[in-house]
Amino acid sequence: MDDLLKDGLERLSIAADAGMIRRLETYISEIELFNPVYHLVSYEDKDELIIRHILDCAAGCPVMREREGEGCSVADLGSGAGFPGIVLAILMPEYRFSLIERMKRRVDFLKNVVLRCNLSNVEVISYDVKDVRREFDCVTFRAFHPLYDIIGDPAELC
């Protein structure tokens, strides 16, 4: 697992120190532990979990770093198992992440991961996305409803 994760991050041109790798491994272990009961994410084996989920989420790091300044606030909508928010928070500790999730079991899972991975740059917000009344510099989401389901008719926002 260690080599696949490290090699994948290198191929994505993402510099990850030993602490980041350790946190990603802890996160992967937590998914493996809780997934049979919580049904957080679909995958066949650990390699697929790393490639299809962890590295897929990590691929956003270079783009975010290019477009957003250090210390920006990021909302991860419908965070679920923490994709992409947890992965990005581990790899980008200089950013502040708010994981927004309405389902209690997923909120509990996310809070556990934040503690286990010692992520001081992450808060878990237990609300429906429609009820959050804060501004963020950047928004991420993955495997989420179409945005118009959440924000309604864009013409009404103007």
Side-chain angles (χ1 to χ4, degrees), residues 1-70 72-103 105-119 121-125 129 132 136-151:
M1 173 177 73
D2 194 31
D3 289 339
L4 179 61
L5 187 58
K6 284 181 184 176
D7 291 346
L9 291 170
E10 283 179 24
R11 286 179 157 202
L12 292 169
S13 300
I14 297 170
D17 63 29
M20 291 173 181
I21 297 295
R22 206 169 29 257
R23 284 183 175 101
L24 287 170
E25 289 172 342
T26 298
Y27 177 43
I28 291 165
S29 295
E30 292 299 297
I31 291 171
E32 291 177 314
L33 178 65
F34 285 94
N35 201 56
V37 175
Y38 283 12
H39 308 288
L40 299 163
V41 65
S42 174
Y43 65 95
E44 294 292 322
D45 57 30
K46 190 177 283 191
D47 286 356
E48 183 182 7
L49 174 60
I50 291 170
I51 294 166
R52 190 169 148 218
H53 297 290
I54 303 297
L55 295 175
D56 179 67
C57 291
C61 285
V63 174
M64 287 181 67
R65 284 204 168 107
E66 181 181 302
R67 297 182 188 257
E68 300 295 332
E70 277 189 30
C72 82
S73 61
V74 180
D76 182 28
L77 305 182
S79 199
F83 297 127
I86 293 288
V87 176
L88 295 173
I90 289 170
L91 296 172
M92 300 167 58
E94 68 277 15
Y95 290 69
R96 297 179 322 274
F97 289 84
S98 297
L99 309 181
I100 302 170
E101 175 58 53
R102 66 184 169 106
M103 294 180 65
R105 67 184 172 158
R106 291 180 180 169
V107 166
D108 292 343
F109 171 77
L110 293 170
K111 287 180 177 180
N112 176 65
V113 167
V114 168
L115 289 172
R116 295 272 295 126
C117 293
N118 194 27
L119 297 175
N121 63 330
V122 177
E123 68 173 328
V124 179
I125 299 175
V129 171
V132 176
F136 299 93
D137 299 317
C138 183
V139 174
T140 63
F141 54 91
R142 186 173 186 246
F144 195 66
H145 290 278
L147 198 52
Y148 59 80
D149 282 353
I150 304 305
I151 64 171

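Here the structure is a predicted model, which means the values were calculated and not measured. Along the sequence shown, residues are numbered consecutively beginning with 1.
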Backbone N/O of [Y] and side chain of [X]: donor-acceptor pair under 3.5 Å:
| X | Y | result |
| --- | --- | --- |
| H53 | P84 | no |
| E101 | G80 | yes |
| R23 | C117 | yes |
| D137 | V74 | no |

Q.
Assess the residue pair L88 and Y95 against the criterion (side-chain contact (heavy atoms from CB on, under 4.5 Å)); give the C-alpha distance rounded to whole Å, side-chain angles, the decisive distance to 0.1 Å, and a yes or no.
A. CA-CA 9 Å; L88 295 173; Y95 290 69; over 6 Å; no

Q. Going through the distances and angles, do E123 and K111 end up as a salt bridge (charged side-chain N to carboxylate O under 4.0 Å, His left out)?
A. CA-CA 8 Å; E123 68 173 328; K111 287 180 177 180; over 6 Å; no

Determine whether more than 12 heavy atoms belonging to other residues, nucleotides or ligands lie under 6.0 Å from atom [atom1] of [X].
| X | atom1 | answer |
| --- | --- | --- |
| R116 | CZ | no |
| R22 | CZ | no |
| E94 | CD | yes |

Measure the shortest side-chain to side-chain distance between [X] and [Y] over non-hydrogen atoms and say whether it is less than 4.5 angstrom.
| X | Y | result |
| --- | --- | --- |
| L119 | I90 | yes |
| N35 | L49 | no |
| C72 | R96 | no |
| L99 | I125 | no |
| M92 | C61 | yes |
| F34 | V113 | no |

Once rounded to the nearest 0.5 Å, what's the spacing between atom [atom1] of [X] and atom [atom2] of [Y]?
| X | Y | atom1 | atom2 | answer |
| --- | --- | --- | --- | --- |
| I54 | E48 | CD1 | CD | 12.0 Å |
| E32 | Y27 | CD | OH | 12.0 Å |
| L110 | M103 | CG | CE | 11.5 Å |
| I51 | D45 | CD1 | CG | 8.0 Å |
| S73 | F97 | OG | CZ | 10.0 Å |
| T26 | I86 | OG1 | CD1 | 11.5 Å |

Q | V124 versus V114, closest heavy-atom pair with distance | A | CG2-CG2, 4.0 Å

(Q) Taking the ring of F141 and the ring of F83, is the distance between their centroids below 6.0 Å? (A) no

Q: Could you tell me which residues satisfy ring pair (Phe, Tyr, Trp, His ring centres under 6.0 Å) with F136, sequence neighbours excluded, listed by chain and number?
A: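 Residues passing ring pair (Phe, Tyr, Trp, His ring centres under 6.0 Å) with F136: none at all.
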
(Q) Under a 4.0 Å threshold between the charged nitrogen and the carboxylate oxygen, would R52 count as salt-bridged to D47? (A)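 Result for this pair is no, no salt bridge flagged.
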
Q: Determine, step by step, whether D56 and R142 satisfy the salt bridge (charged side-chain N to carboxylate O under 4.0 Å, His left out) criterion, reporting the C-alpha distance in whole Å, the side-chain angles of both residues, the deciding distance to 0.1 Å, and the verdict.
A: CA-CA 10 Å; D56 179 67; R142 186 173 186 246; 3.0 Å; yes

Q: Give the intermediate values and the outcome of side-chain contact (heavy atoms from CB on, under 4.5 Å) for residues D76 and I100.
A: CA-CA 6 Å; D76 182 28; I100 302 170; over 6 Å; no

Q: For side-chain contact (heavy atoms from CB on, under 4.5 Å), just list the numbers for R106 and S79, CA-CA rounded to whole Å, side-chain angles, deciding distance to a tenth of an Å, and then say yes or no.
A: CA-CA 8 Å; R106 291 180 180 169; S79 199; over 6 Å; no

Report, one line per pair, each donor and acceptor closer than 3.5 Å where one atom sits in a side chain of residues 8-19; sequence neighbours left out.
residue	atom	partner	partner atom	Å
D17	OD1	G19	N	3.1
D17	OD1	M20	N	2.8

